[in-house]
S.K.: 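Starting off with a structure, shown below.
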Amino acid sequence: MATNVSLIPEDQERDKKESLFFQEGRESFKAEIIFCYAGVLFLEGYDYKAKYRRQIELLANSFEAGSYLDEILRNAGYIKVWEKINGILIPMGNIPVLVRRYYNDIDTIVQELESQIKRESHLE
């Protein structure tokens, strides 16, 4: 199922740059667009109404037909007409998570994230 992705204008009152809103049903989150380079979109998430696993699923499903992620970023001037996003990098629990267009094994991504969060918590 494709994630509904929409662009949120900059909000100076909340100190947020342009953002993306990822939603499927009642689960959603917003992510500030940090920058886009070489087909990788760098985001900083906020306003979570979904847990980590669901956020990863929403990101993975944003590559599905009907999501229009590339078109939205193209219209906003983040990517050129011929470019497409091949990965999204976003920190979750201060751990960088990469969700790719062509390899989205959600279970593996979540397992690696949880494992790294446990390792980080033991270091503190």
Side-chain angles (χ1 to χ4, degrees):
M1 171 185 252
T3 297
N4 181 23
V5 180
S6 55
L7 190 68
I8 301 170
E10 182 174 353
D11 185 349
Q12 292 182 347
E13 287 181 19
R14 292 188 65 194
D15 195 29
K16 296 291 181 197
K17 298 178 185 176
E18 271 188 319
S19 300
L20 294 173
F21 179 61
F22 296 89
Q23 180 182 25
E24 282 180 17
R26 292 178 171 218
E27 296 175 303
S28 66
F29 74 98
K30 297 173 184 173
E32 187 175 9
I33 300 170
I34 305 304
F35 64 93
C36 185
Y37 184 75
V40 179
L41 178 62
F42 293 78
L43 300 174
E44 179 71 43
Y46 66 97
D47 284 352
Y48 304 100
K49 292 182 179 58
K51 298 190 183 287
Y52 288 147
R53 179 181 190 82
R54 195 65 182 115
Q55 290 173 46
I56 292 167
E57 290 171 348
L58 290 170
L59 292 172
N61 292 342
S62 70
F63 292 115
E64 298 293 327
S67 174
Y68 307 109
L69 175 66
D70 290 333
E71 184 177 319
I72 289 165
L73 293 170
R74 200 170 287 121
N75 290 341
Y78 287 97
I79 59 176
K80 306 280 189 232
V81 175
W82 62 87
E83 290 179 302
K84 65 181 176 180
I85 298 300
N86 290 310
I88 300 172
L89 187 66
I90 185 168
M92 294 185 179
N94 293 325
I95 308 298
V97 173
L98 176 63
V99 178
R100 297 180 280 178
R101 178 182 294 271
Y102 300 112
Y103 177 73
N104 285 329
D105 184 348
I106 309 279
D107 291 331
T108 301
I109 295 170
V110 170
Q111 185 178 17
E112 290 175 3
L113 172 62
E114 290 172 347
S115 175
Q116 189 61 40
I117 288 172
K118 284 179 187 173
R119 274 187 248 139
E120 293 291 323
S121 68
H122 290 312
L123 295 176
E124 294 176 357

S.K.: Taking the side chain as every heavy atom from C-beta outward, state whether Phe21 and Leu7 have any pair of such atoms under 4.5 Å apart.
M.R.: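 They are not in side-chain contact.
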
S.K.: Please examine the side chains of Asp47 and Phe29, heavy atoms only from C-beta on, and report whether any two atoms are closer than 4.5 Å.
M.R.: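 When only atoms from C-beta onward are counted, Asp47 and Phe29 do not touch, as no gap falls below 4.5 Å.
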
S.K.: Quick one: are Phe22 and Leu59 in side-chain contact, heavy atoms under 4.5 Å?
M.R.: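 When only atoms from C-beta onward are counted, Leu59 and Phe22 do touch, with a gap below 4.5 Å.
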
S.K.: For Ser115, run the side chain to side chain donor-acceptor pair (under 3.5 Å) check against Arg119, Glu112, Lys118 and tell me which one passes.
M.R.: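 Checked Arg119, Glu112, Lys118 against Ser115; only one passes side chain to side chain donor-acceptor pair (under 3.5 Å): Arg119.
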
S.K.: Could you check whether any side-chain N or O of Asp105 sits under 3.5 Å from a backbone N or O of Asp107, counting only pairs where one atom can act as donor and the other as acceptor?
M.R.: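 Pair found, side chain donor or acceptor close to backbone of Asp107.
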
S.K.: Same cluster for Ile56 and Ile117 if Ile/Leu/Val/Met/Phe/Trp/Tyr side chains link at under 4.5 Å?
M.R.: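 Linked within one cluster.
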
S.K.: Of all the heavy-atom pairs spanning Val5 and Ser67, show the shortest one and how long it is.
M.R.: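 Between these two residues, the closest heavy atoms are CG2-OG, 3.3 Å.
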
S.K.: Give me the atom names and distance for the closest heavy-atom approach of Phe42 to Leu89.
M.R.: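 Taking every non-hydrogen atom into account, CE2-CD2, 3.3 Å.
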
S.K.: Is any NZ, NE, NH1 or NH2 atom of the basic residue among Glu32 and Lys17 found under 4.0 Å from an Asp or Glu carboxylate oxygen of the other?
M.R.: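 Not counted as a salt bridge, because no side-chain N and carboxylate O are separated by less than 4.0 Å.
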
S.K.: Hey, what do you get for OG (Ser28) to NZ (Lys49), rounding to the nearest 0.5 Å?
M.R.: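 With rounding to 0.5 Å, OG (Ser28) is 5.5 Å from NZ (Lys49).
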
S.K.: Check Glu57 with Arg53, please: is the shortest side-chain N to carboxylate O separation under 4.0 Å?
M.R.: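 Salt bridge: yes.
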
S.K.: Got a sec: does the OH of Tyr48 have more than 12 other heavy atoms crowding it under 6.0 Å?
M.R.: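 Count over threshold, so yes.
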
S.K.: Which pair of heavy atoms, one from Gly45 and one from Ile90, lies closest together, and at what distance?
M.R.: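 So the minimum-distance heavy-atom pair works out to N-CD1, 3.8 Å.
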
S.K.: Check this for me, if you would: do Arg101 and Asp70 make a salt bridge, where the nitrogen-to-carboxylate-oxygen distance has to be below 4.0 angstrom?
M.R.: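 Asp70 and Arg101: salt-bridged.
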
S.K.: Going by atom types alone, do Gln23 and Glu27 pair a side-chain donor with an acceptor below 3.5 Å?
M.R.: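 There is no such pair (donor and acceptor under 3.5 Å, judged by atom type) between the side chains of Gln23 and Glu27.
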
S.K.: Between Arg54 and Glu24 (salt bridge meaning N to carboxylate O under 4.0 Å), is one present in this structure?
M.R.: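 The answer is yes: the pair qualifies as a salt bridge.
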
S.K.: Tell me if a side-chain donor or acceptor on Arg100 pairs with a main-chain N or O of Gly87 at a distance below 3.5 Å.
M.R.: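 Such a contact is absent between Arg100 side chain and Gly87 backbone.
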
S.K.: Given 3.5 Å as the limit, does a donor-acceptor pair link the side chain of Glu83 with the main chain of Lys80, or not?
M.R.: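 Yes, because the side chain of Glu83 sits within donor-acceptor range (under 3.5 Å) of the backbone of Lys80.
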
S.K.: Would a 4.5 Å heavy-atom cut-off, applied to side chains only, mark Ile85 and Leu73 as touching?
M.R.: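 Yes, their side chains come closer than 4.5 Å.
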
S.K.: Determine, for Tyr46 and Lys16, whether the Lys NZ or Arg CZ falls below 6.0 Å from the six-membered ring centre while staying within 45 degrees of the axis.
M.R.: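 Yes, a cation-pi geometry.
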
S.K.: Walk me through whether Val40 and Asn86 qualify under side-chain contact (heavy atoms from CB on, under 4.5 Å).
M.R.: CA-CA 6 Å; Val40 179; Asn86 290 310; over 6 Å; no

S.K.: Which heavy atom of Leu58 sits nearest a heavy atom of Ala50, and at what distance?
M.R.: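 Taking every non-hydrogen atom into account, CD1-CB, 4.3 Å.
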
S.K.: Any heavy-atom pair between the side chains of Leu43 and Ile33 that's under 4.5 Å?
M.R.: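 In contact.
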
S.K.: Rounded to the nearest 0.5 Å, what's the gap from CG on Asn104 to CD on Glu64? Could you check?
M.R.: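 Going from CG on Asn104 over to CD on Glu64, the span is 8.0 Å.
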
S.K.: Stepwise, does the side-chain contact (heavy atoms from CB on, under 4.5 Å) test hold for Ile95 with Glu120?
M.R.: CA-CA 9 Å; Ile95 308 298; Glu120 293 291 323; 3.4 Å; yes

S.K.: Let me confirm one number: the OG-CD1 distance from Ser62 to Ile72, rounded to the nearest 0.5 Å.
M.R.: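 Taking OG in Ser62 and CD1 in Ile72, the distance rounds to 9.5 Å.
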
S.K.: Atom CG of Leu69 and atom CG of Leu20: how far apart are they, to the nearest 0.5 Å?
M.R.: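 If we round to the nearest 0.5 Å, Leu69:CG and Leu20:CG are 6.5 Å apart.
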
S.K.: So, for Ala65 and Ala2, which heavy atoms are closest and what is the spacing to 0.1 Å?
M.R.: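 Scanning both residues, the minimum pair turns out to be O-CB, 3.2 Å.
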
S.K.: Distance check, rounded to the nearest 0.5 Å: Ile88 atom CD1 versus Gln55 atom CD?
M.R.: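 Ile88 atom CD1 to Gln55 atom CD measures 12.0 Å (nearest 0.5 Å).
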
S.K.: Check whether Glu10 reaches the backbone of Glu18 with its side chain - one donor and one acceptor, N or O, closer than 3.5 Å.
M.R.: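 It does not hold such a pair.
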
S.K.: Is it true that, when you exclude Gln111 itself, more than 12 heavy atoms of the residues, nucleotides or ligands shown sit nearer than 6.0 Å to its CD?
M.R.: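 No - once you tally the heavy atoms of other residues, nucleotides and ligands closer than 6.0 Å, there are 12 at most.
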
S.K.: Please tell me if the side chains of Thr108 and Val110 come closer than 4.5 Å, counting only heavy atoms from C-beta onward.
M.R.: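 When only atoms from C-beta onward are counted, Val110 and Thr108 do not touch, as no gap falls below 4.5 Å.
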
S.K.: If you define the side chain from C-beta out and look only at heavy atoms, does anything of Tyr78 sit under 4.5 Å from Leu41?
M.R.: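 With C-beta onward as the side chain, the pair stays apart.
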
S.K.: Please round to the nearest 0.5 Å and tell me the distance separating atom CD1 of Ile109 and atom CG of Leu98.
M.R.: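 Answer rounded to 0.5 Å: 7.5 Å.
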
S.K.: Are side-chain heavy atoms of Pro96 and Pro91 found at a separation under 4.5 Å?
M.R.: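 Contact flag for Pro96/Pro91 side chains = no.
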
